[in-house]
There are 2 protein chains.
Amino acid sequence: MQSQNISDIIEKYLKSILAESQEVEIKRSEMAQLFNCVPSQINYVINTRFNIQNGYIVRSKRGGGGYIRIAKVNLVDDCDVLDELIGIVGESITFKESFQLIKSLFQADVLTQTTANLLLAVIDKKTLNFGDVELENMLRARIMKSILNRLKYDG
Amino acid sequence: MQSQNISDIIEKYLKSILAESQEVEIKRSEMAQLFNCVPSQINYVINTRFNIQNGYIVRSKRGGGGYIRIAKVNLVDDCDVLDELIGIVGESITFKESFQLIKSLFQADVLTQTTANLLLAVIDKKTLNFGDVELENMLRARIMKSILNRLKYDG
DNA sequence: TGGAATTTGACTAATATTGACTATTATTAT
DNA sequence: ATAATAATAGTCAATATTAGTCAAATTCCA
């Protein structure tokens with residue numbers, strides 16, 4: 001058998017529930033008690049095993065009635081193409097390059113005209129200009145990568 | 001799914017009524033009694049879930065025969081509301097407020113589901129986080145205003 | 001044996017609940 | 001009319017209830 005560390009056990013437990021349903025909702029502290037670990041270990045498991053690369057999205061709320069919800073998502077077919085584009089964006093990208101990228105996504109029918117135009121407004125030089133071009137391009141890269149990551153799944 | 005805090009339950013109750021009609025009128029104290037909470041919790045629910053960002057306006061009156069009225073506003077053809085929203089964004093806006101705003105725009109059919117989701121990814125805390133919350137909120141405000149302005153002159 | 005993965009806990013952040021105090025409006029008494 | 005009183009709703013800050021972050025310590029393994 002494989003290693004029996006607590007993180008793996010928690011992962012299996014959550015995935016066994018997710019095998020039956022699309023989504024699972026937990027309370028972090030209850031979970032920690034159930035598996036006799038500190039609450040932050042639940043975060044560790046979620047961060048290392050239930051990220052978007054693995055096909056999961058996580059939403060949570062603090063305060064009274066707080067929760068953590070993990071949901072399976074359907075990754076689109078061109079997932080690896082998007083990953084490639086994310087690599088190309090890197091840590092910094094100009095408006096011109098981003099413009100080309102968004103235009104390509106529109107031409108590939110990944111984005112509608114309206115959506116593409118809105119995104120262009122978002123990454124426009126005027127929107128992101130702070131008198132520091134490097135900061136601007138860095139910020140634009142993060143925005144572009146968020147967009148590409150979001151395009152990996154629908155719903 | 002089963003977030004069991006009172007605020008969520010009150011919110012759902014009010015929205016179930018608003019699903020049928022354009023407006024709902026309540027008495028704060030009756031409401032509090034119905035849900036077995038203190039009266040000020042009604043204000044909490046209204047302030048956090050029925051503000052203008054969420055697409056609602058609230059009017060109230062104190063004294064005998066007092067009331068609280070919650071009404072849905074029409075974002076599509078109410079230009080004043082759009083301008084008010086731009087004003088609310090101002091120079092700084094949190095993710096939560098922006099989230100509510102984008103959700104409202106979606107519910108008003110100003111944005112498609114896909115576009116709304118992409119914009120939410122853009123203004124996400126992780127996307128705009130540079131270790132400085134004020135900078136983050138400032139960036140988000142500029143992005144939100146770009147979006148709203150684009151929508152204003154767009155069809 | 002050295003780096004990666006895991007475990008732990010102190011500190012932080014977000015959200016909800018509560019109640020004392022305040023403000024406004026309506027009604028009643030003088 | 002005016003003043004007193006009753007009947008509402010609003011504000012704000014303290015407290016409670018969650019989840020998140022980060023890095024040090026520990027364990028695992030190639």
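Predicted model, so just to flag it, every value in this text is computed and none were measured. Chain letters run A, B, ... following the sequence lines, proteins first, then strands; residues in each count from 1.
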Results of salt bridge (Lys or Arg N to Asp or Glu O under 4.0 Å) for A/K145 - residues two or more places apart only:
A/E91
Separation of atom CD in B/Q4 from atom C1' in D/dT18, rounded to whole Å:
15 Å
Could you grab the distance from atom OG of B/S60 to atom CD1 of B/I46, nearest 0.5 Å is fine?
8.0 Å
Between atom OH in A/Y44 and atom C1' in C/dA4, what is the gap in whole Å?
9 Å
According to ring pair (Phe, Tyr, Trp, His ring centres under 6.0 Å), who are the partners of A/Y44, at least two apart in sequence or on a separate chain?
none
Who else is in A/Y153's hydrophobic cluster (ILVMFWY, side-chain heavy atoms under 4.5 Å, direct or via others)?
A/I52, A/I57, A/V73, A/L75
With a 4.0 Å heavy-atom cut-off, tell me which residues in residues 30-40 of chain B come close to DNA chain C, sorted by residue number.
B/V38, B/S40
Atom pair distance, as rounded to whole Å: CD1 in A/I68 and C1' in D/dT17:
14 Å
B/S29 side-chain N/O to D/dA9 phosphate OP1/OP2 under 4.0 Å
yes
To the nearest Å, give me how far apart NZ (A/K27) and P (C/dA14) are.
19 Å
Identify all side-chain donor-acceptor contacts of residues 96-104 of chain A below 3.5 Å with residues at least two apart in sequence or on another chain.
| unit_1 | atom_1 | unit_2 | atom_2 | d |
| --- | --- | --- | --- | --- |
| A/E97 | OE1 | A/T94 | N | 3.0 |
| A/E97 | OE1 | A/T94 | OG1 | 3.1 |
| A/S98 | OG | A/T94 | O | 2.8 |
| A/S104 | OG | A/Q100 | O | 2.8 |

Only counting residues at least two apart or in another chain, list the ones meeting ring pair (Phe, Tyr, Trp, His ring centres under 6.0 Å) with A/F106.
none
Can you give each donor-acceptor pair under 3.5 Å made by side-chain atoms of residues 28-36 of chain A, sequence neighbours left out, with the distance rounded to 0.1 Å?
| unit_1 | atom_1 | unit_2 | atom_2 | d |
| --- | --- | --- | --- | --- |
| A/R28 | NH1 | A/N43 | OD1 | 2.6 |

Here the distance between atom C1' of C/dT7 and atom CG of A/N47, to the nearest Å, is 14 Å
Is any side-chain nitrogen or oxygen of B/Q41 closer than 4.0 Å to OP1 or OP2 of C/dT18?
yes
B/F99 has an atom CZ; how far is it from atom P of C/dT15, in whole Å?
11 Å
Which residue pairs pass the side-chain hydrogen bond (donor to acceptor under 3.5 Å, both in side chains) test when at least one of the two sits in residues 76-88 of chain A, sequence neighbours left out?
A/D83-A/K152
Within residues 123-140 of chain B, residues whose heavy atoms come under 4.0 Å of DNA chain D
none
Of the candidate nucleotides C/dT8, D/dT11, C/dT17, which contains the atom at the shortest distance from the side chain of B/R28?
D/dT11
Worked verdict on B/L139 versus A/L128 for side chain to side chain contact (heavy atoms under 4.5 Å, CB included)
CA-CA 8 Å; B/L139 291 172; A/L128 304 183; 5.6 Å; no
What pairs meet the salt bridge (charged side-chain N to carboxylate O under 4.0 Å, His left out) rule with one or both residues in residues 130-140 of chain B, with sequence neighbours excluded?
B/K125-B/E136, B/E136-B/R140
Could you tell me whether the side chain of B/F50 reaches within less than 4.5 Å of the side chain of B/L14, counting heavy atoms only?
yes
Applying a 4.0 Å non-hydrogen cut-off, can you work out what A/I6 is touching in the nucleic acid: base, sugar-phosphate, or nothing?
sugar-phosphate
Nearest-Å distance for atom pair CZ/C1', residues B/F95 and C/dT15:
15 Å
Any chance you could list the contact pattern along nucleotides 22-30 of chain C? Use B for base contacts, S for sugar-phosphate-only contacts and - for none, protein heavy atoms under 4.0 Å, 5' to 3'.
-BBBS----
What is the distance, rounded to the nearest whole Å, between atom CD1 of B/I70 and atom P of D/dA9?
12 Å
May I have all residue pairs that pass salt bridge (charged side-chain N to carboxylate O under 4.0 Å, His left out) and include part of residues 33-62 of chain B, sequence neighbours excluded?
B/D8-B/R49, B/E11-B/R49, B/E23-B/R59
Classify A/R59 by what it touches in the nucleic acid, base, sugar-phosphate, or nothing, heavy-atom distance under 4.0 Å.
nothing
